[in-house]
Participant: 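Structure below; questions to follow.
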Number of protein chains: 2
Amino acid sequence: MLNGFAKLFREKGYEGTSLAELAEATGLKKASLYHRFPKGKEEMAKAVLLNVNNWVEEHVFNTLTNELLTPEERLKNGLQYIKKLYDNGNTPCLLQAFSMQSGINIFNQLINDSMSYWVDAFTNIGLAFDLSQSVAKEKATQVLIDIQGSLIVSRGCNNPNIFIDTLNKIEDIYTKK
Amino acid sequence: MLNGFAKLFREKGYEGTSLAELAEATGLKKASLYHRFPKGKEEMAKAVLLNVNNWVEEHVFNTLTNELLTPEERLKNGLQYIKKLYDNGNTPCLLQAFSMQSGINIFNQLINDSMSYWVDAFTNIGLAFDLSQSVAKEKATQVLIDIQGSLIVSRGCNNPNIFIDTLNKIEDIYTKK
DNA sequence: ATATATTTACCGAACGTTCGGTTATTAACA
DNA sequence: TGTTAATAACCGAACGTTCGGTAAATATAT
């Protein structure tokens, strides 16, 4: 159910997704959604965002910090999950979709937290590669930029390879040099 | 007038911007907009996109290819215009705002062309730095990714410095190493 | 120069549609 | 039977758009 919502929100944004569409995606009727989400559309969007965050924590973050693996393995596996998250570059980022809308909006805090979370995750892997805290954070920020930017440029240029190539390059950022 | 539209579209997206807001931004009434833009909202959005493209061509592209300047000067000045275009990282990118909406939308072709245009512009400066065509294009794509990504991450982290730092780093990509 | 015709710019009001959200009723199930 | 889930019907408000008509500006003709 939340996955169906996510697909809509990612591709159409918050304002661009109507309750009619959200209802159709679930098979339920519009009114029935208010039984599950009494606070309406905003609650649905937040639920989706939290759900994605949980997936990211479970898969990406837990992988990047899994001390049973070597740093190289953590990074490689973590990036695989990211590739999956964005469907090889064919799926827009939910954070983008929600941050681009309505000027100062309701999701700002959640988005801010989520981004910090991503930075933390990659700072962690940087530390595993024996980088200093400051360098690790610098690289982590660049990884975020690369992911977000390549998603946009991939889509804008109709070329998912740009996203794939970027993920490969991220691996090099840590392992080579 | 188009600048007022641009501000709205950039911050609220296409669907998120209403005709009432567009009218208010001009001082005209809603109905009057249809005198200037008979095809309505879509025509307004396209006019804004073309207007921005013209600005970019006039300032960014012309600077990057100005043979009266050294490659270093072209790059430095071009980046200055980009900094201005995005108001030091405080203004979202119109291409992002339009590409993120409505699934497969009406602007896809225009967005695709605009992105190619940016890649061309930076491929050009790469060639001025004596890079091969393929390496120049590779670097140009990365510049696009850096700009688009840093705009998103800057905003997401409430830290415009991320955008500024990225522009500085782009200069290094060409001038150092 | 003056009066007339034509075009341009603008606006109030209303259009049909869709928006997010609510209420009253029915169906399902314990 | 009593509680929960789902729905049909409906709401006011806002959406993008259209239209009839007015005022201002421009062109034409005398």
Side-chain angles (χ1 to χ4, degrees), chain A residues 1-52 92 94-111, chain B residues 1-52 92 94 97-111:
Chain A
M1 178 159 188
L2 289 179
N3 287 342
F5 286 176
K7 187 174 195 306
L8 284 168
F9 280 130
R10 269 194 291 251
E11 288 173 1
K12 314 192 127 206
Y14 180 75
E15 326 260 7
T17 304
S18 70
L19 282 188
E21 291 169 317
L22 291 166
E24 197 189 352
T26 63
L28 293 176
K29 297 297 174 184
K30 226 179 11 164
S32 306
L33 293 180
Y34 279 82
H35 176 65
R36 321 249 184 149
F37 304 95
K39 287 197 260 187
K41 192 180 179 181
E42 194 177 319
E43 189 177 357
M44 300 178 207
K46 284 185 177 171
V48 166
L49 204 50
L50 293 177
N51 188 52
V52 171
L94 196 64
L95 294 178
Q96 278 185 41
F98 283 169
S99 69
M100 203 50 60
Q101 306 254 152
S102 295
I104 300 122
N105 68 34
I106 343 147
F107 303 112
N108 272 352
Q109 186 58 48
L110 257 173
I111 290 167
Chain B
M1 180 160 186
L2 289 178
N3 287 342
F5 286 175
K7 188 174 194 307
L8 285 167
F9 279 129
R10 270 193 292 250
E11 288 172 3
K12 314 192 130 205
Y14 180 76
E15 324 260 8
T17 304
S18 70
L19 278 193
E21 291 170 317
L22 291 166
E24 198 189 350
T26 63
L28 294 177
K29 296 299 175 182
K30 240 187 335 175
S32 306
L33 293 180
Y34 281 81
H35 175 66
R36 321 247 187 151
F37 305 95
K39 288 198 257 186
K41 193 179 181 183
E42 194 177 318
E43 190 177 355
M44 301 177 207
K46 284 184 178 171
V48 167
L49 239 173
L50 293 177
N51 188 51
V52 171
L94 196 63
F98 282 169
S99 70
M100 203 50 61
Q101 305 256 152
S102 295
I104 298 125
N105 68 34
I106 343 149
F107 303 111
N108 273 352
Q109 186 57 50
L110 256 173
I111 289 167

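Below, read A as the first sequence line, B as the second, and so on, with proteins coming before strands; counting in each chain starts at 1.
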Participant: Heavy atoms within less than 4.0 Å of DNA chain C: which residues of residues 2-9 of chain A have one? Give them sorted by number.
Facilitator: none
Participant: Checking A:Lys46 side chain against A:Leu110 main chain: does a donor-acceptor pair fall under 3.5 Å?
Facilitator: no
Participant: Counting N and O atoms only, with roles assigned by atom type, does the side chain of B:Lys41 sit under 3.5 Å from a partner on the main chain of B:Thr17, one being a donor and the other an acceptor?
Facilitator: yes
Participant: Please state how far atom NZ in B:Lys29 lies from atom C1' in D:dA23, giving the value in whole angstrom units.
Facilitator: 16 Å
Participant: Roughly how far, to the nearest 0.5 Å, is the CD1 atom of A:Ile111 from the CG atom of A:Leu94?
Facilitator: 8.5 Å
Participant: Working to the nearest 0.5 Å, report the span between CG of B:Leu2 and OG1 of B:Thr26.
Facilitator: 11.0 Å
Participant: Determine, step by step, whether B:Leu19 and B:Met44 satisfy the side-chain contact (heavy atoms from CB on, under 4.5 Å) criterion, reporting the C-alpha distance in whole Å, the side-chain angles of both residues, the deciding distance to 0.1 Å, and the verdict.
Facilitator: CA-CA 10 Å; B:Leu19 278 193; B:Met44 301 177 207; 3.7 Å; yes
Participant: Could you pull out all residues at least two apart from B:Lys29 that satisfy salt bridge (Lys or Arg N to Asp or Glu O under 4.0 Å)?
Facilitator: none
Participant: Given D:dA5, is OP1 or OP2 found less than 4.0 Å from the side-chain N or O atoms of A:His35?
Facilitator: yes
Participant: Tell me every residue that passes salt bridge (Lys or Arg N to Asp or Glu O under 4.0 Å) with A:Glu43, counting only those two or more places apart in sequence or in another chain.
Facilitator: none
Participant: Fit a plane to each ring of A:Tyr14 and A:Phe9, take the angle between them on a 0 to 90° scale, and name the class: parallel (under 30°), tilted (30 to 60°) or perpendicular (over 60°).
Facilitator: parallel
Participant: Between the two end axes of the helix from C:dA1-D:dT30 to C:dA30-D:dT1, each built from 5 base pairs, what angle do you get to the nearest 10°?
Facilitator: 10°
Participant: With a 3.5 Å cut-off and sequence neighbours excluded, list the donor-acceptor pairs that the side chains of residues 30-38 of chain A form with protein atoms.
Facilitator:
none

Participant: Whether A:Arg36 contacts D:dA6 is assessed here as follows: a side-chain N or O lying under 4.0 Å from the phosphate OP1 or OP2. Is that the case?
Facilitator: yes
Participant: Each nucleotide in nucleotides 14-19 of chain D should get exactly one letter: B, S or -. Can you fill that in based on protein heavy atoms under 4.0 Å?
Facilitator: -SBBBB
Participant: Round to a whole Å and report the spacing from CG of A:Leu22 to P of C:dG21.
Facilitator: 11 Å
Participant: Taking all non-hydrogen atoms of both residues, which atom of A:Leu8 and which atom of A:Ala25 are closest, and how far apart?
Facilitator: CD1-CB, 3.8 Å
